[in-house]
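Numbers for residues simply follow the sequence, beginning at 1.
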Amino acid sequence: MTTAESAEKPPVRLPARETWRALYAHFRPHRWVVALGASLALVGTVTALAQPLAAKSLVDKLGRDESITGVLLLLTGLVVLGTAIEAVGTYILERTAESVVLAARRSLIGRLLRLRLSEVERTQPGDLMSRVTSDTTLLRAVTTQSIVSAATGGLAFLATIVMMGLMDAVLLGVTLGVIVLIGGCVGLLMPKIAQATKRSQEAVGEISTVLERAFGAFRTVKASGAEERETEVVSKAAREAWRHGVRSAKWQSAAWSSVGLAVQVSFLAVLGIGGARVASGAISVSTLVAFLLFLFYLIDPVSKLVEAASQYQVGSAAIARIVEAERLETEALSPPQGAWGTGPAAVVFKDVAFRYRDDLPFVHQGVSFEVPGAGMTAFVGPSGAGKTTVFGLIERFYEADGGRITVDGKDIREWPLADLRASIGYVEQDAPVLSGTLRENLVFAAPDASEEQIRDVLVRARLDALVDRLPDGLETVVGHRGSKLSGGERQRVAIARALLRRPRLLLLDEATSQLDAVNEMALRDVVAEVSREVTVLVVAHRLSTVTLADRIVVMDAGKVRAVGTHEELVASDPLYGELAATQFLATAR
């Protein structure tokens, strides 16, 4: 998705009920701690409300020429006590907010790592990352501060209004008239804040996406002289985020300014009308002073209510994106129950049909073949024939649309997914190496491997000499995506990682394509040795690998057109004969 496309995409909106349900799910585990923080904040508010009454008493004592020492001490105590209590309450709420973010991130990360491969392929990785980082950060305010601000602000607002009403109903009517008028204007701004925030978060996700693309092909970017062009792409996404961020800030500023305007207009109106009422003897000067103080104290609860509404709009936008990520389809993983058999695995495809999406053509159209057990089976055919897809279906990265796939005579959909994958070793086409140390990469699929097993697999994969050369041996950091290793070294690390898993079924997708002739021959011998005890399926384009196979499956246009040995297929299948004479021989030179 390009920046322009993401900008045109309408924001995902959740109904208010679903938004509150999702918010409560994050809030619920911390509700008692939040209640404690809210109670402390409410106590602080009560102490603040007592201050205008103390001020009224102070003015009355001054009018009667009485001592004001006690009242001053009371005012000072109320200020100090209120500030201390409110500080403790604020700390509790801030700490709880961080706990909410932590829980949300852990839950979301765990879910994203269980996504079906098809979902990941339809979604930009950078956008998913921004939901874990940026969106969960916005969640912190709305699940604690917004709820508490709404509760304490609402109670404080009502208490202040009651106190003002007891002092003078006329001045209260003037105050409420101004607040209601300007409050209506603030209400109209809230949806605009939500929409701008949602757009801004989507643009932040786009920044992550384009950066992930650039860093994922950093050498290609530099070799192509594309630094300036990629910088412009990222800058365009950043400008989009800035534009929507500024729009959100504009509406939020307007909302906050409206609060200040309401108080200022109310003050002027109360001062004018209240002064006239004092002059007429309807109220005393001390009552007007106390009323004006209550009016200024009204700023805080009104501000809290506006803040709660604003944070809710911002948080609801983040919640919508988090819920959207949580609704992506995941795999039902459970801890491995144990090996699903011993010895080499038998694999059968029976009339298998598959396509990656409903709007795409079928990649497999009735694919059928049998792999009885130990030995090597090679898959050959033109690009796009569906060879790599065979491995994706065996691993259940995808589910077949038709037909049946069995392992040891049992449909793979009936195997527990963790147990199925625990007995499969898989080397991908691009042999990915993860950031971290060489040891971490080797034991990634077999974290309980012993030192003896690691040493053995290093020798078999011809990595022992490399480890001896590295400054820190197995603890050497290999860099982002194995950038400190050569292509052949990365491929050998991926093969060693698969062998260390001690699989019953080994899937090799062009696993020797980047190896030099010497290492290819050495690893070819390793694979041949492994195939005596393990079922090995290999997608291969090199004649040297194919001729070692016990059986060769020739695929074309999503179908199996022939199965046999090299000699049988050269004599009987024209496509295989052409591949053997051109592609295989050309790559074998």
Q | Separation between CD of E567 and OG of S572, rounded to the nearest 0.5 Å | A | 11.0 Å

Q. What's the shortest heavy-atom distance between L505 and V534, and which atoms?
A. N-CG1, 3.8 Å

Using distance only, find each side-chain donor-acceptor pair of residues 465-477 under 3.5 Å and give its atom names and separation, not counting sequence neighbours.
from: E475; atom 1: OE2; to: R439; atom 2: NE; distance (Å): 2.6
from: E475; atom 1: OE2; to: R439; atom 2: NH2; distance (Å): 3.2
from: T476; atom 1: OG1; to: D472; atom 2: N; distance (Å): 3.2
from: T476; atom 1: OG1; to: G473; atom 2: N; distance (Å): 3.3
from: T476; atom 1: OG1; to: G473; atom 2: O; distance (Å): 2.9

Q. Which is it for V371 and L537 under the side chain to side chain contact (heavy atoms under 4.5 Å, CB included) test, yes or no, and what are the steps along the way?
A. CA-CA 9 Å; V371 178; L537 307 185; 3.8 Å; yes

Q | Salt-bridge criterion met for R131 and E324 (N-O under 4.0 Å) | A | yes

Q: State, yes or no, whether a side-chain contact exists between V390 and M555 at a heavy-atom distance under 4.5 Å.
A: yes

Q | Within-4.5 Å side-chain heavy-atom neighbours: I394 and I412 | A | no

(Q) I'd like to check V100 versus L102 (side-chain heavy atoms, cut-off strictly below 4.5 Å). Are they in contact? (A) no

Q: Output all residues satisfying ring pair (Phe, Tyr, Trp, His ring centres under 6.0 Å) with F369, sequence neighbours left out; order by chain, then residue number.
A: F349, F379

Q. Shortest non-hydrogen contact from Y576 to H566?
A. OH-ND1, 2.6 Å

Q | Closest approach of V380 to A540 (non-hydrogen atoms, all atoms of both residues) | A | CG1-O, 3.7 Å

Q: Compare all side-chain heavy atoms of V352 with those of I405 and state whether any distance is below 4.5 angstrom.
A: yes

Q.
If we ignore hydrogens and angles and just use 3.5 Å, is the side chain of D408 paired with the main-chain N or O of A345 as donor and acceptor?
A. no

Q: Any side-chain hydrogen bond (donor to acceptor under 3.5 Å, both in side chains) involving residues 546-557? Give me the pairs, sequence neighbours left out, ordered by first then second residue.
A: T377-R551

Q) If you round to the nearest 0.5 Å, how far is CG of L442 from OG1 of T437? A) 8.5 Å

(Q) Run the side-chain hydrogen bond (donor to acceptor under 3.5 Å, both in side chains) test against R116 and tell me which residues pass, sequence neighbours left out. (A) E329

Q | Residue pair E240, R243: steps toward the salt bridge (charged side-chain N to carboxylate O under 4.0 Å, His left out) verdict | A | CA-CA 5 Å; E240 192 70 14; R243 186 167 67 87; 2.6 Å; yes

Q) Would you say T535's side chain and G373's backbone share a donor-acceptor pair under 3.5 angstrom? A) yes

Q) Does the K410 side chain pair with the main chain of W415, one donor and one acceptor, at a distance under 3.5 Å? A) no

Q | Taking every non-hydrogen atom, the tightest pair across T565 and I552 | A | C-CD1, 4.0 Å

Q. Within the distance-only criterion (no hydrogens, no angle test), does the side chain of R502 pair as donor or acceptor with the backbone N or O of L499 below 3.5 angstrom?
A. no

Q | Pairing residues for E370 by the salt bridge (charged side-chain N to carboxylate O under 4.0 Å, His left out) criterion, not counting sequence neighbours | A | none

**Q.** V367 side chain reached by K559 side chain, heavy atoms, under 4.5 Å
**A.** no

Q: Determine yes or no for a side-chain-to-main-chain donor-acceptor pair under 3.5 angstrom, with S423 supplying the side chain and R504 the backbone.
A: no

Q) Testing T137, T133, D135 for side-chain hydrogen bond (donor to acceptor under 3.5 Å, both in side chains) with R105, which one passes? A) T137

Q | For the student: nearest non-hydrogen atoms of G381 and L579, plus distance | A | CA-CD1, 3.8 Å

Q) How many angstroms lie between CD1 in I495 and CZ in R460, if you round to the nearest 0.5 Å? A) 11.5 Å

Q.
I'd like to know whether CD of E533 has more than 12 heavy-atom contacts from other residues, nucleotides or ligands below 6.0 angstrom.
A. no

Q. Going by an N to O cut-off under 4.0 Å, is there a salt bridge joining E529 and R532?
A. no

Q. How would you list, by chain and number, every residue that makes a side-chain contact (heavy atoms from CB on, under 4.5 Å) with A494, sequence neighbours excluded?
A. V427, A431, R497

Q) From K236 NZ over to T231 OG1, what is the distance, rounded to the nearest 0.5 angstrom? A) 14.5 Å

Q.
Does E452, at its CD atom, have more than 12 non-hydrogen atoms belonging to other residues, nucleotides or ligands within less than 6.0 Å?
A. no

Q. Backbone N or O of G403 within a donor-acceptor pair of the D351 side chain at under 3.5 Å?
A. no

(Q) Just to verify, what does R404 make a salt bridge (charged side-chain N to carboxylate O under 4.0 Å, His left out) with, not counting sequence neighbours? (A) D411

Q) What ring-ring contact (aromatic ring centres under 6.0 Å, His included) pairs are there with at least one residue in residues 421-442, not counting sequence neighbours? A) F397-Y426

Q | Least distance between heavy atoms, E119 atom then L328 atom | A | OE1-CD2, 3.6 Å

Q: Quick one: pull up CZ in R396 and CG in L117 and give me the separation to the nearest 0.5 Å.
A: 13.5 Å

Q) If you look only at pairs with a residue in residues 456-475, which of them pass as a ring-ring contact (aromatic ring centres under 6.0 Å, His included), with sequence neighbours excluded? A) none

(Q) I'd like to know whether L508 forms a side chain to side chain contact (heavy atoms under 4.5 Å, CB included) with V539, so could you lay out the CA-CA distance, the side-chain angles of the two residues, the decisive distance to 0.1 Å, and finally the verdict. (A) CA-CA 6 Å; L508 304 175; V539 172; over 6 Å; no

Q: Would you indicate whether the side-chain heavy atoms of R421 and E331 approach each other to under 4.5 Å?
A: yes

**Q.** Test ring pair (Phe, Tyr, Trp, His ring centres under 6.0 Å) applied to Y356 - qualifying residues, sequence neighbours left out
**A.** F354, Y398

Q: Side-chain contact test, heavy atoms from C-beta onward, threshold under 4.5 Å: evaluate it for L575 versus L569 and give yes or no.
A: no

Q.
Going by the rule salt bridge (charged side-chain N to carboxylate O under 4.0 Å, His left out), which residues pair with E232 if we only count those two or more places apart in sequence or in a different chain?
A. R239

Q.
Let's go through K484 and E489 carefully: what are the C-alpha distance in whole Å and the side-chain angles of both, what is the deciding distance for salt bridge (charged side-chain N to carboxylate O under 4.0 Å, His left out) to 0.1 Å, and is it a yes or a no?
A. CA-CA 10 Å; K484 296 181 181 179; E489 289 168 345; over 6 Å; no

Q.
Taking salt bridge (charged side-chain N to carboxylate O under 4.0 Å, His left out) as the definition, give me every residue that meets it alongside R355, ordered by chain and number, with sequence neighbours left out.
A. none

Q: Working to the nearest 0.5 Å, report the span between CG of L393 and NE2 of H364.
A: 6.0 Å

Q: Report the C-alpha separation of V527 and V538 in whole Å, then their side-chain angles, then the decisive distance to 0.1 Å, and conclude whether the side chain to side chain contact (heavy atoms under 4.5 Å, CB included) test is met.
A: CA-CA 10 Å; V527 172; V538 55; over 6 Å; no

Q) Under 4.5 Å between any side-chain heavy atoms of V493 and R490, yes or no? A) no

Q.
Check whether R501 reaches the backbone of I424 with its side chain - one donor and one acceptor, N or O, closer than 3.5 Å.
A. yes

